[in-house]
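Since this is a predicted model, take the numbers as computed values, not measurements. Quick note: residue numbers are just sequence positions, from 1. In listed order, ligands and their atoms are each counted from 1.
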Amino acid sequence: MSGIHNIVILTGAGVSAESGLGTFRGPGGLWEGHRVEDICTPEALARNRDLVLDFYDQRRAALATVKPNAAHEALARLDCEWPGELLIVTQNVDDLHERAGATRLLHMHGELMSSLCEACGARAGYGGSMLDGTLCGSCGAADTLRPDIVFFGEMPYEMDRIDRALSRADLFLSIGTSGAVYPAAGFVRSARHFGAQTLELNLDPSEGSFFFHESRMGAASELVPEWVGELLAARD
Ligand code: APR
């Protein structure tokens, strides 16, 4: 663990699974009864706007019924206590990292609790139903708010910031992701290219396990607090 100063942590749906939020590629491959590709695309939004808005309304509402688990809390503790650079890059659109207290955090696939105006591009905090026809708070347009979710085929957020952090990382940690979706699935190779140590914590082997120096299999709520404890102890 010595020589670690700058850390990048990638999280996926597996870090929120024990909070009760479904993963995308679990048994059956259907996500809340839908094929991900049928609900999470600009074409789906254009083809059946109300279905997509309602789907995300339901997921947004469900956030009120779940809470951060020990993995989110351990990462928030690390964020608070780690003296070097640290960036949590989450693929998740839930707000559990924030609610656990993480601050050095970005959502590369957007956020349920945010709206995006298709007329002016404004992003804003949002907690209600988009089927209500809320006006955009920036441009006043009606019926132009969509979920601020990066759909398949759209560019993830803050890729420049992520690439800079990966180029400076001494350690890249991946938690609870299947390694099925790019560009996130390629981060481990970028980090290795720049000389970082790489560690995967996951319930099952991921599609990218081969690229990690070390993989630990198990539940995030157990592996993450254990790893954070090791890291902070080694620093002292
Ligand atoms: N602890 C640790 N890992 C877990 C747990 C757990 N309790 N439960 C599940 N996992 C692991 C699974 O083994 C799987 O490898 O989490 C991973 C979840 O994989 P996916 O369902 O594919 O989710 P994710 O990798 O986040 O998907 C990436 O795909 O659909 C898009 O934009 C969406 O951000 C998402 C992206």
Considering the heavy atoms of [X], write down every atom of ligand 1 situated less than 4.0 Å from one of them.
X    : result
A17  : 8 (N)
E18  : 1 (N), 6 (C), 7 (N)
G12  : 26 (O)
G176 : 3 (N), 16 (O), 17 (C), 18 (C)

A219 to ligand 1, any heavy atom closer than 4.0 Å:
yes
Any non-hydrogen atom of G218 lying under 4.0 Å from ligand 1?
yes
We want to know whether T103 and D79 form a side-chain donor-acceptor pair, criterion being a heavy-atom distance below 3.5 angstrom.
yes
Stepwise, does the side chain to side chain contact (heavy atoms under 4.5 Å, CB included) test hold for H5 with E85?
CA-CA 6 Å; H5 302 284; E85 293 176 13; over 6 Å; no
Quick one: look at [X] and ligand 1, take heavy-atom pairs under 4.0 Å, and tell me if it's side chain, backbone, both or neither.
X    : answer
Q91  : both
T23  : both
A220 : both

Give yes if a backbone or side-chain nitrogen or oxygen of [X] is under 3.5 Å from a nitrogen or oxygen of ligand 1, and no if not.
X    : answer
S178 : yes
V181 : no
L203 : yes
F152 : no

Given the rule in the side chain to side chain contact (heavy atoms under 4.5 Å, CB included) test, do M108 and F187 qualify, once you have shown the distances and angles that lead to the verdict?
CA-CA 12 Å; M108 66 180 288; F187 291 170; 3.8 Å; yes
Might you confirm whether atom CZ of R168 has over 12 heavy atoms from other residues, nucleotides or ligands at distances under 6.0 Å?
no
Side-chain contact, heavy-atom cut-off 4.5 Å: V89 with L166?
no
Is I149 close to L112 at the side-chain level, that is, under 4.5 Å between some pair of heavy atoms?
yes
Filter on ring pair (Phe, Tyr, Trp, His ring centres under 6.0 Å), then keep only pairs touching residues 196-221, sequence neighbours left out; what's left?
none
Test: ring pair (Phe, Tyr, Trp, His ring centres under 6.0 Å). Region: residues 94-129. Which pairs qualify, not counting sequence neighbours?
H72-H97
Hey, mind stepping through N69 and S221 against side-chain hydrogen bond (donor to acceptor under 3.5 Å, both in side chains) and telling me if it holds?
CA-CA 7 Å; N69 65 56; S221 66; 5.7 Å; no
